[in-house]
**Q** 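Before we start, here is the structure in question, set down as structure tokens.
Just so we're clear, the structure is a prediction, and the values are computed from it rather than from any experiment. Whatever order the structure lists ligands and atoms in, that order sets their numbers, starting from 1. When reading the values below, keep in mind they use all heavy atoms of this one structure, side chains included, and skip hydrogens, waters and symmetry mates.
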Amino acid sequence: MAGAFKFTFGPWNIHEGADPFGPTVRNTVELGKKLKGYKKLGFDGVQFHDDDAVPKMNDLSAAQIVNEAKVLKKTLDGEGLIAEFVAPRLWEDSRTIDGGYTSNDPQCRNYAIERSKRAIDIADALGTNLIVLWLAREGTYIREAKDSKIAIDRLAQALNTMLDYNSCIKIAIEAKPNEPMDHTYIPTIGHAIGIGMLTSDVSRVGCVIESAHAILAGLDPSDEMGYALAHKKLWSVHLNDQNGLKFDQDKTFGSVDLRRAFNQVRILDKYNYGQNGEWVGLDVKAMRTQKDEVAAKHLSNSRMIFLRLLDLVRSLDDAKAERLISERDYEELDLLIMSHLLSK
Ligand code: XLS
Ligand code: MG
């Protein structure tokens with residue numbers, strides 16, 4: 001059974017190391033070079049922001065964008081790589097300063113919708129029907145700046161427009177409670193699934209769970225996964241780790257809390273995550289201190305940690321765990337799990 005999982009990451013996960021307080025510390029790696037490294041790192045799938053796939057897309061016509069995406073598709077085919085999803089990047093343009101779909105400015109909202117349609121075109125050209133929405137700036141810095149009822153109406157409307165634009169796409173919403181905003185409108189997976197229910201085609205709206213985003217909401221990522229699995233809405237995961245309530249760290253999977261990571265792998269394995277083609281995404285960032293030639297280790301390490309935890313998941317004495325649960329001896333169950341993680 002081991003090996004049933006397939007792994008993916010985005011080009012942004014190999015990055016120059018800039019943070020809000022300092023400039024880049026590593027050289028830019030061209031997309032072509034990054035793509036050549038995927039298989040060596042143990043990955044078969046690529047996640048894209050729309051402009052990772054087609055840089056400077058705002059300067060191009062819709063037809064030009066599709067043509068560029070088709071060229072990229074050939075490169076992917078040549079490398080034996082598959083595009084997992086495309087996500088419109090709606091947080092860098094001057095027209096998305098106050099959000100995209102929930103901006104108070106109708107022209108800015110229109111930009112967000114048009115940009116999302118181009119992202120859908122790119123996904124189509126790359127051979128994937130999965131669109132991810134990380135709703136980065138769909139929220140507020142102060143409560144009074146937007147009307148939260150209207151914001152949700154506008155988000156649902158935007159989803160409907162995208163679903164209508166292409167009847168094949170599925171949209172996976174990536175919840176996150178804060179950063180860059182003080183509060184976002186889709187902070188948890190319950191919110192993501194809930195807003196899908198307001199759309200014209202509930203069956204085509206699901207979610208992607210990022211471990212760090214759940215932790216930032218004060219939630220356990222594996223519980224969020226269980227919630228989404230029960231709704232049959234877990235269409236991707238962004239595994240990583242996070243050391244408490246601070247900025248989004250995107251640390252190597254399992255590097256802060258091994259037990260929390262173990263439980264994520266456990267629930268994914270228990271419910272056959274991947275059986276419908278879902279990928280295991282690792283949305284991790286290298287430490288700023290890492291030198292150029294070793295700035296992709298966080299990716300291969302995260303994958304290796306996942307696979308080692310998978311071994312632990314599959315070698316756990318489940319019968320003993322069940323017995324302790326039936327006896328309600330959770331102290332002994334706690335020790336069983338800890339001993340297993342300590343391999344003693
Ligand atoms: C940022 C998000 C981003 C999404 C894709 O925190 O995790 O990387 O996964 O837009
Ligand atoms: Mg992510």
**Q** Do the side chain of N240 and the main chain of D283 share a donor and acceptor less than 3.5 angstrom apart?
**A**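 Flag set: sc N240 to bb D283 pair under 3.5 Å.
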**Q** Which of the atoms in ligand 1, numbered in the order shown and given with their element, are less than 4.0 Å from a heavy-atom of W12?
**A**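 It comes down to these atoms of ligand 1: 8 (O).
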**Q** What protein heavy atom sits nearest atom 2 (C) of ligand 1, and how far away is it?
**A**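 That would be E174 OE2, 3.4 Å.
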**Q** What residue and atom, counting heavy atoms only, is the protein's closest point to atom 5 (C) of ligand 1, and at what distance?
**A**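 For this ligand atom, the closest protein heavy atom is H49 NE2, 3.2 Å.
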**Q** Taking the cut-offs as 6.0 angstrom to the six-membered ring centre and 45 degrees off its axis, would you call R154 and Y101 a cation-pi pair?
**A**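 Not satisfied by the 6.0 Å and 45° rule.
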**Q** Short N/O distance, under 3.5 Å, between W91 and ligand 1?
**A**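 No: no nitrogen or oxygen of W91 is under 3.5 Å from one in ligand 1.
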**Q** Does ligand 1 have an atom under 4.0 Å from some heavy atom of H213?
**A**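 Yes, that is the case, since the closest heavy atom of the residue is under 4.0 Å from the ligand.
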**Q** In ligand 1, which numbered atoms sit nearer than 4.0 Å to a non-hydrogen atom of D248?
**A**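 Result: 6 (O).
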**Q** Please confirm whether H238 comes within less than 3.5 Å of ligand 1 when only nitrogen or oxygen atoms on both sides are compared.
**A**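 In this structure, H238 places an N or O atom under 3.5 Å from an N or O of ligand 1.
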**Q** To the nearest 0.1 Å, how far is atom 8 (O) of ligand 1 from its closest protein heavy atom, and which atom is that?
**A**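 Result for atom 8 (O) of ligand 1: D283 OD2, 3.0 Å.
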**Q** Given ND1 of H238 on one side and OE1 of E210 on the other, what angle do they make at the Mg ion (ligand 2), to 10°?
**A**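 Output for this angle: 110°, rounded to tens.
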**Q** Flag yes if F85 and I169 sit in one hydrophobic cluster, no otherwise; membership is Ile, Leu, Val, Met, Phe, Trp, Tyr, and two members link when side-chain heavy atoms are under 4.5 Å apart.
**A**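 In one cluster with F85: I169, no.
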**Q** Taking the Mg ion (ligand 2) as the vertex, measure the angle between atom OE2 in E174 and atom OD2 in D283; round to 10°.
**A**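 Centred on the Mg ion (ligand 2), the OE2/OD2 angle is 160° (to 10°).
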**Q** Is it the side chain (CB and beyond), the backbone, both or neither of E210 that lies under 4.0 Å from ligand 1, heavy atoms counted?
**A**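 E210 to ligand 1: side-chain contact only, backbone stays beyond 4.0 Å.
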**Q** Taking the side chain from K39 and the backbone from E79, do they hold a donor-acceptor pair closer than 3.5 Å?
**A**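 Such a contact is absent between K39 side chain and E79 backbone.
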**Q** Show, in sequence, the C-alpha distance, side-chain angles and deciding distance for K176 and D248, and conclude whether the salt bridge (charged side-chain N to carboxylate O under 4.0 Å, His left out) test is met.
**A** CA-CA 10 Å; K176 186 180 179 188; D248 188 359; 3.0 Å; yes
**Q** Tell me which one of T96, D93, N110, D50 satisfies side-chain hydrogen bond (donor to acceptor under 3.5 Å, both in side chains) with R115.
**A**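 Answer to the side-chain hydrogen bond (donor to acceptor under 3.5 Å, both in side chains) test with R115 among T96, D93, N110, D50: D50.
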**Q** Fit a plane to each ring of F5 and Y273, take the angle between them on a 0 to 90° scale, and name the class: parallel (under 30°), tilted (30 to 60°) or perpendicular (over 60°).
**A**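 Ring orientation of F5 relative to Y273: parallel.
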**Q** Compute whether any side-chain donor of one residue and acceptor of the other, for T102 and K146, lie under 3.5 angstrom apart.
**A**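 The answer is yes; a qualifying pair exists.
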